[in-house]
Chemist: 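The following block contains the structure, expressed as C-alpha cells.
Letters go in sequence order (proteins before strands), and every chain restarts at 1. Because only heavy atoms are used, hydrogens play no part in the values below, and waters and symmetry mates are left out as well, while side chains stay in.
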Amino acid sequence: MKNVFVLAEHRKQHLRDSTWEAVTAGRTLAKDLGAELTCILLAADTASMAEQLAKECHRVLAVEDPLFETVSSEAFTKALVPLLADKEPYMMVMGNSNAIMDLAPGLSVALDAALATDCFAFEVRDGKPLATRQVYSYKVNALVSFKDAQRIVVTLRGGAFPFVPSGSAAGTVEKVASPISGEKLRKRFLSYREAEKGDVDISTADIIVSLGRGIGDEPDMEMFESLAKAMGGVLACSRPIVDKNLLPKYHQVGTSGVEVKPKVYLALGISGAFQHVGGIKGSPLIMAVNKDARAPIFRVAQYGIVADLNEIVPALEAKIRELKK
Amino acid sequence: MDIIVCMKWVPDTSEADLVIDKEGKDIKKDDLDHDMNDWDRFAIEEAVQLKEKLGGKVTVVGVAPEDAEEMLRECLARGADEAFLLWDDAFEGSDGFAVARILVSFIKARPWDLVLTGTLADDDCGGQMGGMLGAMLGVPSATLVSAISVEDGKITFNRELEGGLYEHMEMDLPAVLSVATGLNEPRFVSIRAVRKVASVEIPTLGLGELGLDESLVGVQGSRVQIEQLTMPPEGEGAEMIGGKPEEAAAKLAEILKEKGGIG
Ligand SMILES: Cc1cc2nc3c(=O)[nH]c(=O)nc-3n(C[C@H](O)[C@H](O)[C@H](O)COP(=O)(O)OP(=O)(O)OC[C@H]3O[C@@H](n4cnc5c(N)ncnc54)[C@H](O)[C@@H]3O)c2cc1C
Ligand SMILES: Nc1ncnc2c1ncn2[C@@H]1O[C@H](COP(=O)(O)O)[C@@H](O)[C@H]1O
C-alpha cells in the first residue's frame, strides 16, 4: 500500500469523534503497511478543522465547497473520484456513522474499491491488510481479506479505536480546488429535523428497565411497568420495540435513540447490538436476562441470567417488593 | 410508479445457538429457521403503500436459493405484483458486491422508478447494498430513510442521523432508497391473502437469463473474502447467576438492592 487516507466526518462545522477514531486506526494501518497517511477534509469552510487535523496528522488535504456543508454522499463521491485518481494502491478509512453508512458503499463502487464496513480490528499479513468485523446478528467474528485489491475502503466500529491526542504533528495543509464546484446535485439536503421529545426523559434516569424484542409480539406491558415501578426506575427499550409501537421513540436507547447514563441498567430480552449498547454511557451496572447464553449483551453486563424473562420478571418483582418492606 | 424491492432471505440467528462449520468460513445453517430480513419487511410494506397511493407496479426480487420462494410468496400476499428469484449455483459464495451486480443485471432489464432495500441485513451486517446499487445504476441513493413522499418526479424523505436528529432531503427520481425500520407498520397477512397467491409462478433467473458471466459472480466475482469465523468468548465479564428462575430472580434482586438498583 502506498497511501492510507482518513476521511474526516463533520457536522455543523465541527469534526465528529468518528474522525479522530479514524485517525487512530489510520495511523496504525499506515505504520503497518509502510504507507503515507493523509487526512482528507471536504467541508464548506476548512480553515479551523484543517488546523485541528494538522495537529494530529502530517498531511491534510483540504477541499472547500459549499456542496460539502453536510456529509453529502453524492458530493463527496463526485469529488473523491478525481481526487484519488492515480493514488493507488490505497486504503481509505472512515467512521461507521449514519452519515458514512450513506456514503461508503456507493463510494467504494465509484472508486472501484473493495469495501468492508464496521470493522473493529486490522492486521497485516504479507503486506496485505485484513479486517475483523461481525456477522450473524453480531454474534460471530469474521476475519476478511481483500484479495489483491489496489483500492480498499473500510469503515470503523464506533468506539473500537479510542483516540489519544498527540497534538504534535505540525502537519501541512494542502488546499485543493473543488473538482465539482457549481455542480447540481440530484440529492439535496433541505434541513435538520429533531425527533419529538416526550413526557419521560430517560437520559437523566438512574434506574432503567430496558425491554428488547425478547418480550415477544404480544407482551404484557403492565408486568414490565410494574417491575420498573417497584425498582423506582423508568422503562426504556431497544429499537424494535419502538418499531412495533409498543413504546414511543423517546424511550429508545441507542445511537439513533437516546444516550442514557444510569446507575443500573436491567436489559430484558435485548441482544446487545452495538447500536444499542452505544447509547449506554457512564459505565453503569448492567444486568441482563436473555435466553441465549451467547447474546452479546453478556459481554458488557456485569451480571447475567440465562432464562426466559417471563419467568424471571414476576419473581424478581415479588422479591424486590419483599426486600423493600 | 414502478418499484423494485430487494428482499433478503436470512437465517434467524438472533436467538439460535450458532456453530461454525468445519472449514471455519461459515456457520452451520441446516438447522436454522430462515425468514425475510427484518428491515426488508418495512421495505415491501413501503412499496405497497406507495403503490396504493400512486399506482404502478411492485416487483420483488431476491438473490437466494429456492427455499426463499416462501419469502417472495409472502411478499405477493403483502401486495407485490410479481416476484423473481435470482439463483444459479455459480452465485454461491457471492459477497455484497457480487450480489449487487446480480441485482443490477435484473433491474437494468426492466422499467422502474424506485428501488427499495432494507438498510442492513442480519446475516452479513453489511449495510452496503443500497449504496452499491445506486452507484452501479448511476442514480442517487440514501440509507436509513423514513417519511417518504413523492411529488412531481421528486422524492422527499428524512434520513436518520444519530441521537434523534434527521436530515430532511429531496432527491430526483429514479433513485435507490434503503428504508429504516419503523417507517411504517407492516400489515398483517391473512390466510386468505396467502392462499390467493399460492399458485402464482415465481420464475428463477440464472446466469444465462441475466446475461452475466461466471467470472462476475460467486467467489470469483467477489472483492471481499471470509478467511476465518470465530466465536467471541461467551459472557466475558458477566457473572452468570444460575439456579431455578425464582432462585436466580431472588439473587438478582439482592444484588440490585446492594448496588442501588432499587430506588
Ligand atoms: C444505523 C442503525 C442505528 C440503530 N440504532 C439503534 C438504536 O438506537 N437502538 C437500538 O436498540 N437498536 C438500534 N439499531 C438496531 C440494532 O442493530 C439491533 O437490531 C437492535 O438493537 C436489536 O434489538 P433487540 O436486542 O431488542 O432484538 P434482537 O437482536 O432480536 O434480540 C432479542 C433478544 O431477546 C432474546 N430473547 C428472546 N426471547 C426471550 C425470552 N423469552 N426471554 C429472554 N430473552 C429472550 C434473544 O435471545 C435475543 O438475544 C440500529 C441499527 C442501525 C443499522
Ligand atoms: N441477496 C440479496 N437479495 C436481495 N436483496 C438483498 C440481498 N442482499 C442484500 N439485499 C438488500 O440489501 C439490504 C442491505 O443488505 P446488506 O448490505 O447485506 O446489509 C437488505 O435489507 C436487502 O434489502
Chemist: Quick one: are A:Phe298 and B:Met240 in side-chain contact, heavy atoms under 4.5 Å?
Modeler: yes
Chemist: Between A:Ala113 and chain B, which part of the residue has a heavy atom less than 4.5 Å away: side chain, backbone, both or neither?
Modeler: backbone
Chemist: Can you say whether A:Ile305 sits under 4.5 Å from chain B via the side chain, the backbone, both, or neither, judging by heavy atoms?
Modeler: both
Chemist: At a 4.5 Å cut-off on heavy atoms, which part of A:Ala230 comes close to chain B: side chain, backbone, both, or neither?
Modeler: backbone
Chemist: For B:Pro11, which atoms come within 4.5 Å of any heavy atom of chain A: side chain, backbone, both, or neither?
Modeler: side chain
Chemist: Are the charged groups of B:Glu162 and A:Arg11 less than 4.0 angstrom apart, N to O?
Modeler: yes
Chemist: Can you tell me how far CG of A:Asn98 sits from OH of B:Tyr166, rounded to the nearest 0.5 angstrom?
Modeler: 10.0 Å
Chemist: For chain B, which of A:Ser271, A:Gly232, A:Ser191 has the most heavy-atom pairs under 4.5 Å?
Modeler: A:Ser191
Chemist: Between B:Asn158 and chain A, with a heavy-atom cut-off of 4.5 Å, which part of the residue counts as in contact: side chain, backbone, both or neither?
Modeler: side chain
Chemist: Which atom names give the shortest non-hydrogen contact between A:Pro105 and B:Gly131, and what distance separates them?
Modeler: CB-CA, 4.0 Å
Chemist: What are the two closest heavy atoms between B:Ala135 and A:Gly106, and how far apart are they?
Modeler: CB-O, 3.6 Å
Chemist: Applying side-chain contact (heavy atoms from CB on, under 4.5 Å), run through A:Lys319 and B:Glu254 and close with a yes or a no.
Modeler: CA-CA 8 Å; A:Lys319 185 72 186 179; B:Glu254 265 150 27; 3.5 Å; yes
Chemist: Under a 4.5 Å heavy-atom cut-off, does chain A meet the side chain of B:Leu120, its backbone, both or neither?
Modeler: side chain
Chemist: Considering only heavy atoms and a distance below 4.5 Å, find which of A:Tyr138, A:Phe146, A:Tyr250 pairs most often with chain B.
Modeler: A:Tyr138
Chemist: What's the verdict on side-chain contact (heavy atoms from CB on, under 4.5 Å) for B:Leu165 and A:Tyr192, showing C-alpha distance, side-chain angles and the deciding distance?
Modeler: CA-CA 7 Å; B:Leu165 190 68; A:Tyr192 284 115; 3.9 Å; yes
Chemist: Just by distance, no angles: are the side chains of A:Ser137 and B:Thr13 close enough, under 3.5 Å, to form a donor-acceptor pair?
Modeler: yes
Chemist: Mind ranking A:Glu196, A:Arg133, A:Lys139, A:Glu74 by heavy-atom pairs under 4.5 Å with chain B and telling me who comes out on top?
Modeler: A:Lys139
Chemist: We want to know whether B:Asp26 and A:Tyr136 form a side-chain donor-acceptor pair, criterion being a heavy-atom distance below 3.5 angstrom.
Modeler: yes
Chemist: Between atom CG of A:Asp118 and atom CD of B:Gln128, what is the distance when rounded to the nearest 0.5 Å?
Modeler: 11.0 Å
Chemist: Indicate the atoms forming the closest heavy-atom contact of A:Arg294 with B:Pro232, along with that distance.
Modeler: NH1-O, 3.1 Å
Chemist: Locate the shortest heavy-atom distance separating B:Cys125 from A:Gln134; write the atom from each residue and the value.
Modeler: CB-O, 3.6 Å
Chemist: Salt bridge or not between B:Arg223 and A:Asp112? Use side-chain N to carboxylate O under 4.0 Å.
Modeler: yes
Chemist: So what's closer than 4.5 Å to chain A heavy atoms on B:Lys257: side chain, backbone, both or neither?
Modeler: side chain
Chemist: Would you name the heavy atoms of B:Glu167 and A:Phe189 that are closest together and state the gap between them?
Modeler: OE2-CD1, 3.8 Å
Chemist: Between A:Leu316, A:Leu130, A:Asp292, who has the most heavy-atom pairs with chain B when the cutoff is under 4.5 Å?
Modeler: A:Leu316
Chemist: Quick check on A:Val264 against chain B: is it the side chain, the backbone, both or neither that has a heavy atom closer than 4.5 Å?
Modeler: side chain
Chemist: Which is it for B:Asp38 and A:Arg213 under the side-chain contact (heavy atoms from CB on, under 4.5 Å) test, yes or no, and what are the steps along the way?
Modeler: CA-CA 12 Å; B:Asp38 205 45; A:Arg213 205 203 310 259; 3.2 Å; yes
Chemist: For A:Leu285, is it the side chain, the backbone, both or neither that has a heavy atom under 4.5 Å from a heavy atom of chain B?
Modeler: side chain
Chemist: Closer than 4.0 angstrom, basic N to acidic O: yes or no for B:Asp95 and A:Lys147?
Modeler: no
Chemist: Side chain, backbone, both or neither: which part of A:Met287 has a heavy atom under 4.5 Å from chain B?
Modeler: side chain
Chemist: Between A:Met101, A:Arg193, A:Met231, A:Lys187, which has the largest tally of heavy atom pairs under 4.5 Å with chain B?
Modeler: A:Arg193
Chemist: With a 4.5 angstrom heavy-atom cut-off, could you sort out which part of A:Tyr265 is near chain B: side chain, backbone, both or neither?
Modeler: neither
Chemist: Less than 4.5 Å to any heavy atom of chain A: does that hold for the side chain of B:Ala16, its backbone, both, or neither?
Modeler: backbone
Chemist: Is it the backbone or the side chain of B:Leu256 that comes under 4.5 Å from a heavy atom of chain A, or both, or neither?
Modeler: both
Chemist: Counting heavy atoms not belonging to A:Glu123, are there more than 12 under 6.0 Å from its CD?
Modeler: yes
Chemist: Atom CD of residue position B:Glu185 - does it have more than 12 heavy atoms of other residues, nucleotides or ligands inside 6.0 Å?
Modeler: no
Chemist: Under a 4.0 Å N-O cut-off, is there an ion pair linking B:Glu160 with A:Arg239?
Modeler: yes
Chemist: What heavy-atom pair brings A:Leu115 and B:Val224 nearest, and what distance separates the two atoms?
Modeler: O-CG2, 3.2 Å
Chemist: Output yes when a side-chain donor or acceptor of A:Lys249 lies under 3.5 Å from a complementary backbone atom of B:Gly164, and no otherwise.
Modeler: no
Chemist: Check this for me, if you would: do A:Arg188 and B:Asp172 make a salt bridge, where the nitrogen-to-carboxylate-oxygen distance has to be below 4.0 angstrom?
Modeler: yes
Chemist: Please classify the contact of A:Asn245 with chain B as side chain, backbone, both or neither, using a heavy-atom distance under 4.5 Å.
Modeler: side chain
Chemist: Could you tell me which of A:Asp308, A:Asn141, A:Val144 has the largest number of non-hydrogen atom pairs under 4.5 Å with chain B?
Modeler: A:Asn141
Chemist: With a 4.5 angstrom heavy-atom cut-off, is it the side chain or the backbone of A:Ser256 that approaches chain B, or both, or neither?
Modeler: both
Chemist: Side chain, backbone, both or neither: which part of A:Arg321 has a non-hydrogen atom closer than 4.5 Å to chain B?
Modeler: neither
Chemist: Given that the side chain runs from C-beta out, which part of A:Leu266 has a heavy atom under 4.5 Å from chain B: side chain, backbone, both or neither?
Modeler: side chain
Chemist: Please classify the contact between A:Ala149 and chain B as side chain, backbone, both or neither, with a heavy-atom cut-off of under 4.5 Å.
Modeler: neither
Chemist: Would A:Gln302 and B:Ile255 satisfy side-chain contact (heavy atoms from CB on, under 4.5 Å), going step by step from the backbone distance to the final call?
Modeler: CA-CA 11 Å; A:Gln302 282 86 324; B:Ile255 298 168; over 6 Å; no
Chemist: Can you confirm whether A:Asp217 is buried at CG, in the sense that more than 12 heavy atoms of other residues, nucleotides or ligands lie under 6.0 Å from that atom?
Modeler: no
Chemist: Measuring heavy-atom distances to chain B, does A:Ala307 have an atom under 4.5 Å in its side chain, in its backbone, in both, or in neither?
Modeler: neither
Chemist: For the pair A:Arg186 (side chain) and B:Pro174 (backbone), establish whether a donor and an acceptor sit closer than 3.5 Å, ignoring hydrogens and angles.
Modeler: no
Chemist: Do B:Met231 and A:Val140 make a side-chain contact, defined as non-hydrogen atoms from C-beta onward lying under 4.5 Å apart?
Modeler: yes
Chemist: At what distance, to the nearest 0.5 angstrom, does CG of A:Leu190 lie from CE of B:Met171?
Modeler: 12.0 Å
Chemist: Quick one: what part of A:Ser97 sits under 4.5 Å from any heavy atom of chain B, side chain, backbone, both or neither?
Modeler: both
Chemist: Quick one: do B:Lys244 and A:Glu311 make a salt bridge, cutoff under 4.0 Å?
Modeler: no
